[in-house]
Amino acid sequence: MDKDNMKISMAVIRRLPKYHRYLKDLLEKDIKRISSKELSKIMGLTASQIRQDLNNFGGFGQQGYGYNVEALFEEIEGILGLDKHYNTIIVGAGNLGQAIANYTNFEKAGFLPKGMFDINPKLIGLKIRDIQILDADHMEEYIKANGITIGIICTPKEQAQSVADRLVKCNIQGIWNFAPVDLNVPEHVILENVHLSESLFTLSYLLNHRDE
Ligand code: NAI
């Protein structure tokens, strides 16, 4: 199927990283094939949901055989764009920015941290692993010179929108926003938020309503 012409629902797209994760685990265990029933058991989805989801990509399952784990994994990698590399920058080199810079698995997945930016003179010039913290004043020229595709916002929420505006002006393609604020960006810029406290507060709700 031509990937560019595929129209996949957002609900399926949101599940793809989960398929990716489980298939990777299966590959690491050297499991070559799996039925939709087995996959449904480990993933906590129904077998028919799995068949429906995977039919979006041309139906990899074969009656009586199940899914070829490696082929399906590679297809999903391709659909997710994880077979490519992306140059990224982290804006805000505080606690979270440094934690993200220290986490090597994003890099292994193809998201290459090229630089970090901050306004705090105490941080500028330091290195996290081999990633230099640079003066945020130079962010625009750096983005243009280094083919940066993704900006990761780790500033306080008060600064996040102005950082996003600057990234947009430099034709950034995607923003991964950790600041607890809803950013306004033009439609052509892909914005993905990680609001950790929303997830934590959902946990809190569930803890407090577990008997209902
Ligand atoms: P932090 O205060 O340690 O780091 C923020 C950094 O952003 C500072 O170094 C500051 O100098 C820099 N900064 C401020 N304005 C800037 C600008 N215009 N350009 C570049 N850098 C700028 O804060 P922390 O804990 O790292 O949090 C960062 C963001 O992530 C906040 O919005 C916070 O609410 C959110 N967050 C953090 C979590 C965490 O685990 N640390 C968890 C959930 C959300």
Side-chain angles (χ1 to χ4, degrees), residues 10-11 13-18 20-21 24 80-82 85-210:
M10 208 53 208
I13 294 167
R14 292 270 174 222
R15 282 196 288 277
L16 281 181
K18 184 167 175 175
H20 183 266
R21 177 161 55 87
K24 191 165 189 242
L80 286 171
L82 297 175
H85 287 132
Y86 304 88
N87 290 340
T88 73
I89 54 164
I90 297 171
V91 190
N95 290 308
L96 186 61
Q98 293 191 23
I100 290 174
N102 269 315
Y103 188 62
T104 53
N105 278 353
F106 296 142
E107 192 171 330
K108 286 183 195 137
F111 301 90
L112 311 177
K114 290 291 174 183
M116 301 177 76
F117 291 88
D118 209 287
I119 53 171
N120 182 347
K122 288 190 185 134
L123 292 174
I124 295 167
L126 299 180
K127 270 188 175 180
I128 307 299
R129 298 194 292 130
D130 57 349
I131 312 159
Q132 185 113 39
I133 303 177
L134 303 162
D135 187 335
D137 280 350
H138 302 307
M139 194 169 79
E140 280 79 358
E141 53 197 270
Y142 188 91
I143 291 175
K144 284 177 190 152
N146 292 281
I148 304 297
T149 316
I150 298 173
I152 304 173
I153 299 184
C154 298
T155 63
K157 67 174 193 281
E158 293 77 12
Q159 279 78 39
Q161 184 63 56
S162 70
V163 167
D165 292 344
R166 287 173 64 189
L167 294 173
V168 167
K169 272 201 190 132
C170 301
N171 293 325
I172 205 87
Q173 291 178 36
I175 293 179
W176 198 23
N177 171 44
F178 284 84
V181 60
D182 291 323
L183 298 175
N184 289 313
V185 296
E187 227 170 83
H188 68 270
V189 176
I190 308 296
L191 171 67
E192 184 65 23
N193 295 298
V194 184
H195 292 325
L196 287 177
S197 46
E198 288 181 14
S199 170
L200 181 62
F201 297 167
T202 306
L203 171 72
S204 168
Y205 173 88
L206 294 171
L207 267 179
N208 285 284
H209 295 79
R210 61 167 114 200

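Residues take their numbers from the sequence shown, with the count starting at 1. We use all heavy atoms of the structure for the numbers below, so side chains are in, but hydrogens, waters and symmetry mates are not. All ligand and atom numbering here is 1-based and tracks the order in the structure. Here the structure is a predicted model, which is why all the values come from computation and not from measurement.
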Sub-6.0 Å ring centroid separation between Trp176 and Tyr86: no
Shortest non-hydrogen separation from Ala93 to Leu123 and the atoms involved: O-CD1, 3.6 Å
Straight-line distance of Ile172 CD1 to Ile150 CD1, nearest 0.5 Å: 8.0 Å
Test side-chain contact (heavy atoms from CB on, under 4.5 Å) applied to Ile152 and Val194, Leu167, Thr88, Val91, the passing residue: Thr88
Near ligand 1, at a heavy-atom separation below 4.0 Å: residues by chain and residue number: Val91, Gly92, Gly94, Asn95, Leu96, Phe117, Asp118, Ile119, Asn120, Leu123, Ala136, Cys154, Thr155, Pro156, Lys157, Gln159, Val163, Phe178, Ala179, Pro180, Leu196
Leu183 versus Gln161, closest heavy-atom pair with distance: CA-OE1, 3.4 Å
Approximate separation, where rounding is to 0.5 Å, of Ile133 CD1 and Ile128 CD1: 4.5 Å
